[in-house]
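Could you have a look at this structure, given as structure tokens, before my questions?
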Amino acid sequence: MKPVIRHSFNLSFGEAANLQEKLSAKVSTAGKSGKIKTVCGIDVSYSRGTNIFFAGAVVLSFPDMEILSSVTAKDTVFFPYVPGFLSFREIPVIQKCLLKLNGKPDVIIADGQGIAHPRKFGLASHIGVIYNIVSIGCAKSPLVGEFDEPPAKKGGKSPIIYKGAKVGYALRTKDNVKPVFVSPGNLISREDAVQTALACARRYRIPEPTRQAHMLVNNFRKKHEKR
DNA sequence: GCGACAG
DNA sequence: ATCTTGTCGC
């Protein structure tokens with residue numbers, strides 16, 4: 001799978017912010033995505049004192065959540081972690097990883113925000129735009145916006161409001177656990193993004209796609225460190 | 001200036 | 001994100 005838009009990730013914060021604002025104009029949160037047959041979860045991992053990153057992507061059937069295929073990649077990263085610029089740190093290794101993926105999944109779910117971002121261009125939106133693919137952001141903690149505590153039962157949700165607009169939902173993916181924060185990445189509505197994330201949630205807080213990707217990439221990293 | 005702050 | 005063992009709760 002190859003990106004449709006290519007650009008440098010070796011940018012200053014100012015340049016990165018300008019790029020985010022420019023590319024955010026390409027984000028669409030209008031469409032119905034059509035029938036979803038496959039969902040790809042992506043996650044990145046690394047060890048404490050290093051700048052060697054590992055990425056993992058797992059493709060699952062939807063809504064069965066059966067694992068169909070998976071790929072991993074390794075890369076060296078220099079961009080620091082700064083809230084609001086996570087994609088510049090993680091996308092390079094993710095691109096190396098997705099390059100190994102045969103075919104294009106219907107949806108990509110990333111660990112991070114979609115449009116629930118200072119410039120409406122979080123990790124999931126960035127991936128969605130450069131690959132021109134349906135994408136959803138599913139973060140474990142909020143970055144921007146305000147929201148009420150969603151109902152405690154699985155499926156309970158409450159909108160995340162940022163600068164007067166609804167950018168996503170705080171979603172309970174399991175009874176009595178902290179919610180996850182879902183926002184559209186690209187080519188999907190806020191509502192479809194939450195429904196899809198919820199449909200991917202089984203018996204754990206983290207939806208299967210990103211949960212499987214997380215397990216895969218951690219095993220890959222540990223195996224790589226044992227040499 | 002102070003506090004917030006995805007992974 | 002990662003460093004880490006046991007432990008409390010559903």
Do any side-chain nitrogens or oxygens of A:Lys140 fall under 4.0 Å of OP1 or OP2 in C:dA1?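 Yes, within the criterion.
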Side chains of A:Ser24 and A:Arg119: any donor to acceptor distance under 3.5 Å?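 A:Ser24 and A:Arg119 do not have a side-chain donor-acceptor pair below 3.5 Å.
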Going by centres under 5.5 angstrom and planes under 30 degrees, do the aromatic ring of A:Tyr81 and the base ring of B:dG7 stack?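 Yes; by the centre-distance and plane-angle rule, A:Tyr81 counts as stacking on B:dG7.
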Rounded to whole angstroms, how far apart are OH on A:Tyr204 and C1' on C:dC10?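 The distance from OH of A:Tyr204 to C1' of C:dC10 comes to 14 Å, rounded to the nearest Å.
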At under 4.0 Å between heavy atoms, what does A:Gly49 touch on the DNA or RNA strands: base, sugar-phosphate, or nothing?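 Nothing, no nucleic acid heavy atom in range.
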Assign A:Phe85 to base, sugar-phosphate, or nothing according to its heavy-atom contacts below 4.0 angstrom with the strands shown.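 Contact class for A:Phe85: base.
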Between A:Ile52 (CD1) and C:dT2 (P), how many Å, whole number?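 Taking atom P of C:dT2 as the reference, CD1 of A:Ile52 is at 14 Å.
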Look at the side-chain N and O atoms of A:Ser47 and state whether any lies under 4.0 Å from the OP1 or OP2 oxygen of C:dA1.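 For A:Ser47, the contact criterion (side-chain N or O under 4.0 Å from OP1 or OP2 of C:dA1) is not met.
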Whole-Å distance separating the CZ atom of A:Phe54 from the C1' atom of B:dG7: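 It is 16 Å, rounded to the nearest whole Å.
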Nearest whole angstrom, please: distance from the P of C:dC3 to the CZ of A:Arg48.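 Distance check: A:Arg48 CZ to C:dC3 P gives 7 Å.
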Is any side-chain N or O of A:Asn218 closer than 4.0 Å to OP1 or OP2 of C:dT2?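 True: A:Asn218 side-chain N/O within range (under 4.0 Å) of C:dT2 OP1/OP2.
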Along DNA chain C (nearest heavy atom to each residue), the more 5'-positioned of A:Lys222 and A:Asp175: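 Of the two residues, A:Lys222 wins.
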Would the A:His126 and A:His117 ring centres measure less than 6.0 Å apart?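 Ring centres of A:His117 and A:His126 not closer than 6.0 Å.
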Under 4.0 Å between a side-chain N or O of A:Ser87 and OP1 or OP2 of B:dA6?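 Indeed not, no polar side-chain atom of A:Ser87 lies that close.
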Without hydrogens or angle criteria, can the side chains of A:Arg190 and A:Ser183 be said to hold a donor-acceptor pair below 3.5 Å?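 Side-chain D/A pair, A:Arg190 to A:Ser183: absent.
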Decide yes or no for A:Arg172 and A:Pro151: does some side-chain heavy atom of the first lie under 4.5 Å from some side-chain heavy atom of the second?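 The answer is no; the side chains never approach within 4.5 Å.
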Examine C:dT2: is either OP1 or OP2 under 4.0 Å from a nitrogen or oxygen in the side chain of A:Arg221? Give yes or no.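 Yes, because at least one side-chain N or O of A:Arg221 sits under 4.0 Å from OP1 or OP2 of C:dT2.
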Would you please confirm or rule out a distance under 4.0 Å between OP1 or OP2 of B:dG7 and any side-chain N or O of A:His214?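 Checking A:His214 against B:dG7: no side-chain N or O falls below 4.0 Å of OP1 or OP2.
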